[in-house]
Each structure stands twice: as C-alpha cells, then as structure tokens.
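Working notes, structure below.
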Amino acid sequence: MLAQWSVLEVLRSNPELLKDVLRKRYMDPSIVDEAYSVDLEWRRIQVELNELRHTHNVVTKMIAQTKDPQERRKLIEEARQLIKRREQLEKRFKELDERRWRLLYALPNLIEEDVPIGEEDAYVPVMYWGKPRVWRGHEEAFLKETRERGFNVDYEVIDWRPVGHADMLENVLKLGDTLKAGDVAGSRFYYLFEDIVWLDFALLLFAIDRLTSKGYQLVLPPYMLRYKVINGVIDVETFKDAIYKIEGEDLYLIATAEHPLAALYAGEEIYDDELPKKLVGVSPCFRKEAGAGNRDIKGIFRVHQFHKVEQFVYSLPEDSRRLHEEIIGNAVELFKELGIPFRVINIPSGDLGACAVKKYDLEAWMPAQGRYREMVSASNCTDWQAFRLGIRLVRRKGMERGYVHTLNSTAIASTRTITAILENFQEPDGTVIIPKALRKYLEPFEAAPKDYIKPRPKRPA
RNA sequence: GCCGCGGUCGCCUAGCCUGGUUAGGGCGCCGGCCUGCUAAGCCGGUGGGGGAGACCCCGCGCGGGUUCAAAUCCCGCCCGCGGCGCCA
C-alpha cells in the first residue's frame, strides 16, 4: 500500500466525508456508498482469488518438476479442476473490477476548506482591480457586485452606452463576420479580419513572452488526443459538452492545451527534485459548447474555436496551494498590464469542475453588458489528473512514491480577451485604443495596427 | 498505404528460435556498512495491488487466444525504426 490516490484514501477511511463533498458539489452522494461497497467486495474477492491462483501456481510448478507420467497426469487433472474454480471467480472479479474503475472514475476531487459552499452564484470575490467605466444605466448593478460584496471599487460613470463587442466587430469596426461563418460552418464560428487578427496574435505573443520570461517552458502540443488520455484529464460532463470527436478514429480535438500538457508525463515518474515543472502551452481550443443553449450566441465570447495560452504546472503535493496562487497571480499581472478592469473570484463548490479542489476565475468588466465576465480560470487539480494518468512522484528521501499535483490556468484566451478590449477601450466614436502592452508585438509588422483600431465603412475582405 | 524488423523494471540490456529455475546483468537512484574526510568497496532496496502480518497475486507496449504452465507460441491493435509507394 504505497502510492495512493487521495480520493480513494478518503473513500476507504471516511466515506461520509466524501459524501459530504459530493453534496457540496450538488452531485448524487449515493455513488460513494456504491463505490465503498464495491471496493470492499473487490478487495475481499481479490484475497480469495489470489489464494486460488497461488494453489494453482504451486501445482503448476510441481508439474514442471515431476518426471513420472502417472503422477504428472494426476497433477494436471488437479490443475484443471483449480482452473475451473478460478475462472468462475475471475469472471466475477473482472466484472467487479470494471465496475470499480467506472465508479472511481466517476468520483470528483475533494474540496479545499476555503472554497465557498453553494451553487454558481455563491462565488466570493477576492480582489478587484482597475477603474471600470460604468454606463449610468449599469451603475446599480455594478454597486451590487462591488460595494454590497464589501469592496469599494473606484469607477468612472459614463453617459454613453458602449457598443457590445459583437456589434463592434460586425457593424462598427466591420472586422468580424459571424453570419457568413454561420453559413459555412455554423453558429459560434467566426471570420476575423485584419486588425483583429493582429490583435489575436499579439495577445498570444504577449502572454507567451511574459510567462517564458518567468521561466515557464514553451510547448506546442498535439491538438488531438486518444480517448484513454483525454478521459484521464477531464470529467464526463466536460467530455459530453465540450469535446469534438474525429469520425472513424480514436481521436478527440483538445478543448484546451491543458489536456495534452497534463498528458505529457502520462505513465511516467517524476523525481521530487525536478518539481515544480512549469509549462506554458499555446494551441487552438475546440469546444462543442453543447450545454450553452442560446447563451452568448452573438459575437465571439462563446465560440467553438479560439486560441489560448495556457499555464500548466506539475508540483509537489505540499506546494500546490502556493503554486495555485502563483498562476492566478500571473494571469492577474497580464490583465493589469493590458489595463482591463477585472476581479478575481473564488468559485463555489457547486460550480467546481470534478477535477479541481479549488478554482479561481478572473473576470473582466464588460462595459456594454454591465457585468464581469470570465476571462481566466485557474484550477488546482491536486492528484486527481495525476492518478488517472499515472503520473507518479518519487521522493529521493526513502524513494517514497505517490502522485504529483497538477494545476492549470488560462494566461490569455484570444477571443474572450478581444471582447474585453473592444468594450473597455472603446471611444464614443467607435475607435478602439490598443493596450500599450501589446505595442511591442505589433511593432514589427507593417500592416499591423499600433495605437488604435478605427471603424471601417465596409468589411475588408 | 504496403513490406521487413523491433517494443522487457527509472535508463541500457539478456532471455524469445526450443513454453516450466526467483525476468539475469549493467547504469542511475535510495538506505546501510566501512572510512579521519574523499574516492573506492561491500550488503540490501528500487513496477502495481491485496493482506494486521507471515506473505500472496498481478506485471515483459495494449487487448485477446492456445496450454497444467506464456516475456517466450498464435491473432488483432498501438507505437518506433528501415525500405517502397503516395502527397504537399
């Protein structure tokens, strides 16, 4: 009993606690009872089966040493009888084993003590930053989200209502076309043109530059993964609602670089002196958005594909809390540099993904919508992914074994960040001021915009 | 896509043809002994699971099959290397 998964340990030692976790996540806790009894039965049968296997092994070895043909025949007959019994038990064990794995795979991670308990709206803001522009009509809602939550956020009241990002793209700047994209690919797809495309790449380079400067290692991962791998990284819900499958092949499009980055050390052992391993991945992301219904149907806030720079960290169990603060801190720095007003919230138990024990979201203020919207999500997955992917930790001292912890956080998601820029840096005449931090990444290109994006009379292409 | 060869413990490798010792050896790593210190040397450990424990089971890319018995034989798949073909 060496390397053990924390959830399995709790299942065995304190199933009531685990049931409580499920309840806090608004999941059916009865699965815990089932998993508990199946695991118990599985262990019991295993003892029995191992004994049978042992006696059979003993007889088999005797056969090998027996020269006398008479004696041999007798032993072989005895072995045959043992196999009959063994096979019956093995059939039961196999069923039980499959059922056990299904149940274990359905269990969510534990929950960190400081996670707010409740459904979606029970989130707790932990910081606000920037001086949001608040249209007069949104002032009340804004104060509700700030002052009433105990944060006195400095803001600027404006009398003109900013144009929403979708209209900005489509009708003011005329640098996006979701209607044509709808014709050729479907809703939630888009064409972007000229300045917006430059902006997309500049944002990615900006995030990559900042993170690699901090020592994060740059990775371009595969954009597709096998079932076995992707199943180790995400939970059923995400699978169902987010993942595209390649027809006729055992391949799935990644919904984020987190998936292939987590898989990078699948089935391997990592020595404690190599940790933490900090990675920054860049990739397109493909999402079905199956559960989204008509939410955010306009524009490019919630789309089937976008680019993202992702932070991913492999850590020692005792360091994962600190590194969780670090990666959300990195995202905070990026948004401060961009000058986009935001807040960070602590996601409540009911809204946590199954893999995470704790999650922070960074939400940007959206002046046209009059509310904060998710830009970044930072999760501490502890050993949940590592267990499923078999990423072991080996401690030099005593060669003790366990599982590493994994953490992930968005750095920049291109389209979402663009929506925040289009709304926050919009002037009354429709011009969009480009954040100074991006200048460096636009400078080398003659055709790229530098200081602002101007409205156009018509779509450029 | 086709043909050939290969995949063994953290890494390298033996074993496979010809089924049956405890999967042997080297390196690395951990612990101990020795030592004034270092080097060297010696002993043990170094995949997963179960059991309170003595121990036991499983594990040779993955999944099946044959057999009393499979790393070894057979079938399918995956991956790698070489060759051929095809394509940008």
Side-chain angles (χ1 to χ4, degrees), chain A residues 1-13 35-105 107 221-222 224-232 245-246 248-252 260 263-275 277 314 316 383 386-404:
Chain A
M1 213 185 297
L2 296 153
Q4 203 85 109
W5 177 36
S6 59
V7 176
L8 183 57
E9 267 166 15
V10 174
L11 175 71
R12 287 180 178 176
S13 65
Y36 181 83
S37 59
V38 167
D39 181 55
L40 209 63
E41 175 76 350
W42 177 85
R43 287 150 83 184
R44 203 180 62 73
I45 301 271
Q46 196 174 35
V47 171
E48 212 178 312
L49 182 59
N50 285 350
E51 273 164 23
L52 257 167
R53 280 171 170 166
H54 177 60
T55 39
H56 177 254
N57 285 344
V58 169
V59 172
T60 285
K61 266 171 203 141
M62 280 168 69
I63 294 170
Q65 286 159 11
T66 305
K67 299 276 181 298
D68 179 53
Q70 280 282 6
E71 200 60 23
R72 242 180 120 87
R73 223 170 297 135
K74 258 175 71 184
L75 287 170
I76 287 174
E77 190 45 44
E78 193 185 336
R80 283 199 174 119
Q81 294 305 319
L82 282 166
I83 286 174
K84 266 188 205 152
R85 280 173 51 205
R86 194 191 71 186
E87 275 174 348
Q88 280 180 348
L89 204 59
E90 257 167 358
K91 199 174 157 237
R92 258 180 82 197
F93 183 74
K94 200 182 169 185
E95 279 167 18
L96 212 54
D97 189 56
E98 276 164 17
R99 196 162 153 224
R100 177 176 175 267
W101 277 109
R102 256 201 316 279
L103 287 163
L104 290 185
Y105 259 48
L107 291 174
M224 300 179 205
L225 296 171
R226 294 180 200 287
Y227 172 84
K228 213 185 104 187
V229 172
I230 214 152
N231 189 41
K245 185 178 188 335
I246 303 294
E249 303 202 42
D250 178 29
L251 284 174
Y252 296 81
L264 183 57
Y265 288 93
E268 304 206 4
E269 47 187 40
I270 304 180
Y271 281 79
D272 53 357
D273 52 11
E274 297 170 53
L275 294 170
K277 279 184 192 290
Y314 293 90
L316 287 169
D383 59 358
F387 171 73
R388 293 160 70 110
L389 291 168
I391 307 175
R392 283 106 65 211
L393 162 68
V394 184
R395 294 188 193 267
R396 297 256 178 222
K397 197 168 161 64
M399 292 298 277
E400 189 193 307
R401 276 155 189 282
Y403 289 97
V404 302

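Below, read A as the first sequence line, B as the second, and so on, with proteins coming before strands; counting in each chain starts at 1. The basis for the numbers below is simple: all heavy atoms, side chains too, and nothing from hydrogens, waters or symmetry mates. On a predicted model such as this, the values are computed, not experimentally measured, just so you know.
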Checklist entry - Mind checking the C1' distance from B:G47 to B:C30? Whole angstroms is fine. => result 16 Å
Item to check | Results of side-chain hydrogen bond (donor to acceptor under 3.5 Å, both in side chains) for A:R99 - residues two or more places apart only | outcome: A:E34
Next on the checklist: Under 4.0 Å from OP1 or OP2 of B:G47: is there any side-chain N or O of A:R401 that close?
Outcome noted: no
Checklist outcome for this item: Distance col, row A:L393:CG vs A:D383:CG, nearest 0.5 angstrom, shows 10.5 Å
Next on the checklist: Checking A:Y105 now: which residues fulfil ring-ring contact (aromatic ring centres under 6.0 Å, His included) with it, not counting sequence neighbours?
Outcome noted: none
Next on the checklist: What is the distance, to the nearest angstrom, from the CD atom on A:Q4 to the C1' atom on B:G50?
Outcome noted: 11 Å
Below 3.5 Å between N/O atoms, which protein atoms pair up with nucleotides 58-62 of chain B? Just atom names and distances, please.
{"residue": "B:C58", "atom": "OP2", "partner": "A:N57", "partner atom": "ND2", "Å": "3.2"}

Checklist entry - When rounded to the nearest Å, what value does the distance between P atoms of B:C29 and B:U18 take? => result 42 Å
Item to check | Nearest-angstrom distance from the residue atom CZ of A:R392 to P of B:U46 | outcome: 15 Å
Which atom pairs, one a donor and one an acceptor, fall under 3.5 Å between side chains of residues 72-82 of chain A and the rest of the protein, sequence neighbours left out?
{"residue": "A:R72", "atom": "NH1", "partner": "A:I63", "partner atom": "O", "Å": "2.9"}
{"residue": "A:R72", "atom": "NH1", "partner": "A:T66", "partner atom": "O", "Å": "3.0"}
{"residue": "A:E77", "atom": "OE2", "partner": "A:Q81", "partner atom": "NE2", "Å": "3.0"}

Checklist outcome for this item: Nearest heavy-atom contact between A:F93 and A:Q46 is CE1-CB, 3.9 Å
Checklist entry - Between A:D273 (CG) and B:G10 (P), how many Å, whole number? => result 17 Å
Next on the checklist: Just the rounded figure in Å: distance from P of B:C68 to CD of A:Q81.
Outcome noted: 12 Å
Item to check | Euclidean distance, atom CD of residue A:E400 to atom P of B:G31 [Å, nearest integer] | outcome: 12 Å
Next on the checklist: Return the CD to CZ distance between A:E41 and A:R92, rounded to the nearest 0.5 Å.
Outcome noted: 5.5 Å
Write down the protein N/O and nucleotide N/O pairs, taken from nucleotides 70-78 of chain B, whose separation is under 3.5 Å; answer none if there are no such pairs.
{"residue": "B:C78", "atom": "O3'", "partner": "A:R226", "partner atom": "NH2", "Å": "3.1"}
{"residue": "B:C78", "atom": "O2'", "partner": "A:R226", "partner atom": "NH2", "Å": "3.2"}

Next on the checklist: How many whole angstroms separate atom CH2 of A:W5 from atom P of B:G49?
Outcome noted: 13 Å
Checklist entry - Touch check for A:I83, heavy atoms < 4.0 angstrom, all strands: base, sugar-phosphate only, or nothing? => result sugar-phosphate
Next on the checklist: Whether A:K94 contacts B:G64 is assessed here as follows: a side-chain N or O lying under 4.0 Å from the phosphate OP1 or OP2. Is that the case?
Outcome noted: yes
Checklist entry - Using atom P of each nucleotide, how far apart are B:C27 and B:G41 to the nearest Å? => result 9 Å
Item to check | Donor-acceptor contact present, side-chain A:R388 to main-chain A:N231, <3.5 Å | outcome: yes
Item to check | Rounded distance in Å between the C1' positions of B:G1 and B:C11 | outcome: 34 Å
Checklist entry - Do the side-chain N or O atoms of A:H54 get closer than 4.0 angstrom to the phosphate oxygens (OP1, OP2) of B:C57? => result yes
Checklist entry - Taking atom CD1 of A:I45 and atom CG of A:N50, what is their separation to the nearest 0.5 Å? => result 11.5 Å
Next on the checklist: Going by salt bridge (Lys or Arg N to Asp or Glu O under 4.0 Å), name the pairs with one or both residues in residues 50-64 of chain A, residues two or more places apart or in two chains.
Outcome noted: A:R53-A:E90
Item to check | A:K84 with A:E87: basic N within carboxylate O range, under 4.0 Å | outcome: no
Checklist outcome for this item: Value for OG (A:S37) from CG (A:L103), rounded to nearest 0.5 Å, stands at 8.5 Å
Can you name the atoms? Protein N/O to nucleotides 18-24 of chain B N/O, anything below 3.5 Å, with the distance.
{"residue": "B:G20", "atom": "O6", "partner": "A:R72", "partner atom": "NH2", "Å": "2.8"}
{"residue": "B:G20", "atom": "N2", "partner": "A:T60", "partner atom": "O", "Å": "3.2"}

Checklist entry - What residues, two or more places apart in sequence or in another chain, satisfy side-chain contact (heavy atoms from CB on, under 4.5 Å) together with A:Q65? => result none
Checklist outcome for this item: Comparing A:L8 with A:I76, nearest RNA chain B nucleotide closer to 5' gives the residue A:L8
Next on the checklist: As an exercise, state the distance from CZ of A:R395 to CG of A:L316, rounded to the nearest 0.5 Å.
Outcome noted: 5.5 Å
Checklist entry - Where the side chain of A:R85 meets the backbone of A:L52, is there a donor-acceptor pair that is under 3.5 Å apart? => result no
Checklist entry - In whole Å, what separates the P atom of B:U38 from that of B:C56? => result 40 Å
Item to check | P atoms of B:G80 and B:G26, separation to the nearest Å | outcome: 33 Å
Checklist outcome for this item: Rounded to whole Å, the CG-P distance (A:L49 to B:G48) equals 21 Å
Item to check | Residue whose closest nucleotide on RNA chain B lies nearer the 5' end, A:E51 versus A:R100 | outcome: A:R100
Item to check | Test side-chain contact (heavy atoms from CB on, under 4.5 Å) applied to A:E95 - qualifying residues, sequence neighbours left out | outcome: A:K91
Item to check | Atom C1', compared across B:C5 and B:C17: separation rounded to whole Å | outcome: 15 Å
Checklist entry - Atom CD of A:E268 to atom P of B:G47: distance rounded to whole Å? => result 16 Å
Next on the checklist: Using atom P in both nucleotides, what's the gap between B:A23 and B:U46 to the nearest angstrom?
Outcome noted: 13 Å
Next on the checklist: For A:F387, give me all partners under side-chain contact (heavy atoms from CB on, under 4.5 Å), at least two apart in sequence or on another chain.
Outcome noted: A:W5, A:W101, A:Y403
Next on the checklist: If a pair means Watson-Crick or G-U wobble with both distances below 3.5 Å, what does RNA chain B look like in dot-bracket form, with | marking bases paired to a different strand?
Outcome noted: ((((((((.[[[[.)....(...]]]]((((((.......))))))((((....))))..[[[[[..)....]]]]])))))))....
All N/O contacts under 3.5 Å from nucleotides 26-30 of chain B to the protein, with atom names and distances to one decimal?
{"residue": "B:C29", "atom": "O2'", "partner": "A:R396", "partner atom": "NH1", "Å": "3.1"}
{"residue": "B:C30", "atom": "O2'", "partner": "A:G398", "partner atom": "N", "Å": "3.4"}

Checklist entry - Donor-acceptor pair, A:D250 side chain versus A:Y227 backbone, under 3.5 Å? => result yes
Item to check | Note, A:R12 side chain near A:Q4 side chain (heavy atom, < 4.5 Å) | outcome: yes
